[in-house]
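Just so it is clear, the model here is predicted, and its values are computed rather than measured.
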Protein chains: 2
Amino acid sequence: MDRMKAGDDSLKEALKPPGRGGRRAPRAQPHTDASIHAAIARAILHGELKAGAKLPEHRLAEIFGASRERIRKVLHRLAAERRLEIIPNRGVRVPQPTIEEVKRVYEAHRVLEAGVIVQLVSMLDARILGILDAHLAQERLAAERGDRAESVRLSGAFHLHLVDALGNPELSRFLRDLLSRSSVMVSVYEPASQSICAVDEHGAIVEALRARDATRAIQLSHHHFLHVEQRLHMEPKNETAADLKEIFRGAARGAK
Amino acid sequence: MDRMKAGDDSLKEALKPPGRGGRRAPRAQPHTDASIHAAIARAILHGELKAGAKLPEHRLAEIFGASRERIRKVLHRLAAERRLEIIPNRGVRVPQPTIEEVKRVYEAHRVLEAGVIVQLVSMLDARILGILDAHLAQERLAAERGDRAESVRLSGAFHLHLVDALGNPELSRFLRDLLSRSSVMVSVYEPASQSICAVDEHGAIVEALRARDATRAIQLSHHHFLHVEQRLHMEPKNETAADLKEIFRGAARGAK
DNA sequence: TTGGCAAATAATGTGCACATTCGTATTTCT
DNA sequence: AGAAATACGAATGTGCACATTATTTGCCAA
């Protein structure tokens, strides 16, 4: 028979909006390399493509209406960015990180953020503090509303704000890479409920920064990451992946 | 006539040893993807491929004796790693960083190393100190011998030892990316003579680490990087690139 | 002589077809 | 009946040929 493993039609759902959501399908340029790349990256980031999900290039080609070679190029690029994993002659999958790799990513983030804090206290100004304060307000609002999805998103954005404040593209890009890998991890080793990053801990870090106390800010950040790591479940969830067509439905070819 | 720009035959020279240098050409497997990737990466790292050098895929294909598609795949991967720059429909070149980008890379390295130091003082042991001490001894030896090339290599390796001591692959990989980009920069904005990184400054950092004085180590590291930045010339050298065949001669197909 | 324009040329981008390899299912032997 | 070997099928890997785009060269005109 067809040996369809676990429903193979949900890939379409994940790759919805390459950016602009509501426009009616333009024409003549259904999908550029960048839009396919963005669609798949977004699906991974949003957890719609679960860890371990297979991405057959032939299937993706027909979903996006693109040739297999274009899909192939995008897939290889995503693999070079560590967002996908290519096993020779066996296809491409969403990486299924081990618990050790998860800890390495968090450790890397922790080490980087310590360096960021050191640099930040020497160049902190009202503008940066304003951004951080505004962000904390958003986080509190989302927490009060009980908007869990938004809280998760904002808790990641907090750390992005810290590096982005330095204005260094290299560092920002590195952290984004780490976060994109973290997002896959939360779908596997799902943290206990509640917000991933407690708002209070973020607030405390900002206060230490405001006081130009790098040592204290680093300590707070350090403990903050330890809390996050402790919330991770030690055993992977191992759920069956949704099918590709569903995932990429919106992103597929606009309106087929 | 032939419009050979600046001698187009030096590409071969740069891509010499994919790793093993002296072995006589094996057979049947002239070049795998990895070996081509390594050869080009090495040529960039060693400064044999100067900034702004063009790498026509057809030329590389005949040099390595591989198909154009394989070259193409490797080139795209190198571009994803920020080692090469692809301009659509205009080919691939070695990136020619601006002085601002150079400073960003050094700043990123400096910020990262601050975080590394923070983590390092909390997990420093005799083994790590031994590695660092041994490295310093090598650096002093090279300096006494006046071996400038070796000094440059070792000064970069010192910072690699610092991150590698943490045992975190993510951080090590990030720093290697940064260093690979720095190597292109020194060929453009050539630092004043003398060693790039003074051995004494490295030694002082190790001493601060030995004393578990993170603050002092960070300060030393910070000033160390400022010194390196100050040594950069502010104007690019703009020299004509050597030709490809020469660069990749050894690496090409072993024994033509 | 210089400036712009047009054709030729070379290099890149793309799609197609074939070769290779891995997983699966069937068959056969013990 | 169980296990191993084999054959089948699907998916990936690779090379080739064509289309498209940029760059250069030659020419013409001002």
(message) What is the distance, to the nearest angstrom, from the CD1 atom on A/I86 to the C1' atom on D/dT14?
(response) 15 Å

(message) Any residue in residues 71-79 of chain B with a heavy atom nearer than 4.0 angstrom to DNA chain C? Just list them by number, or reply none.
(response) B/R72

(message) Return the CG to CZ distance between A/L60 and A/R70, rounded to the nearest 0.5 Å.
(response) 13.5 Å

(request) Determine: side-chain N/O of A/R70 to OP1/OP2 of C/dT14, distance under 4.0 Å, yes or no. (result) yes

(message) Please determine whether a side-chain nitrogen of the Lys or Arg among B/E107 and B/R104 lies less than 4.0 Å from a carboxylate oxygen of the Asp or Glu.
(response) yes

(message) Whether B/R153 and B/D147 form a salt bridge (side-chain N of Lys/Arg under 4.0 Å from carboxylate O of Asp/Glu) is what I want to check.
(response) no

(request) Identify whether the distance between the nearest side-chain nitrogen and carboxylate oxygen of A/E100 and A/K103 falls below 4.0 Å. (result) no

(request) Identify whether the distance between the nearest side-chain nitrogen and carboxylate oxygen of B/R181 and B/E101 falls below 4.0 Å. (result) no

(message) Using the side chain to side chain contact (heavy atoms under 4.5 Å, CB included) definition, which of the options B/R83, B/E85, B/R82 pairs with B/P95?
(response) B/E85

Short N/O separations, protein against nucleotides 16-21 of chain C, under 3.5 angstrom:
unit_1, atom_1, unit_2, atom_2, d
C/dC16, N4, A/E69, OE2, 2.8

(request) Among A/K73, A/R72, A/R77, find the one that has a salt bridge (Lys or Arg N to Asp or Glu O under 4.0 Å) with A/D33. (result) A/K73

(message) Without decimals, in angstroms, what is the distance between A/R59 CZ and D/dT12 C1'?
(response) 16 Å

(message) Tell me the interatomic distance from A/R93, atom CZ, to D/dA11, atom C1', rounded to whole angstroms.
(response) 13 Å

(request) May I ask you to decide if the ring planes of B/F225 and B/H159 are parallel, tilted or perpendicular, using 30° and 60° as cut-offs? (result) tilted

(message) Rounding to an integer number of Å, can you tell me how far B/H58 NE2 sits from D/dG15 P?
(response) 14 Å

(message) Output the rounded distance in Å from CZ (B/R90) to P (C/dA10).
(response) 18 Å

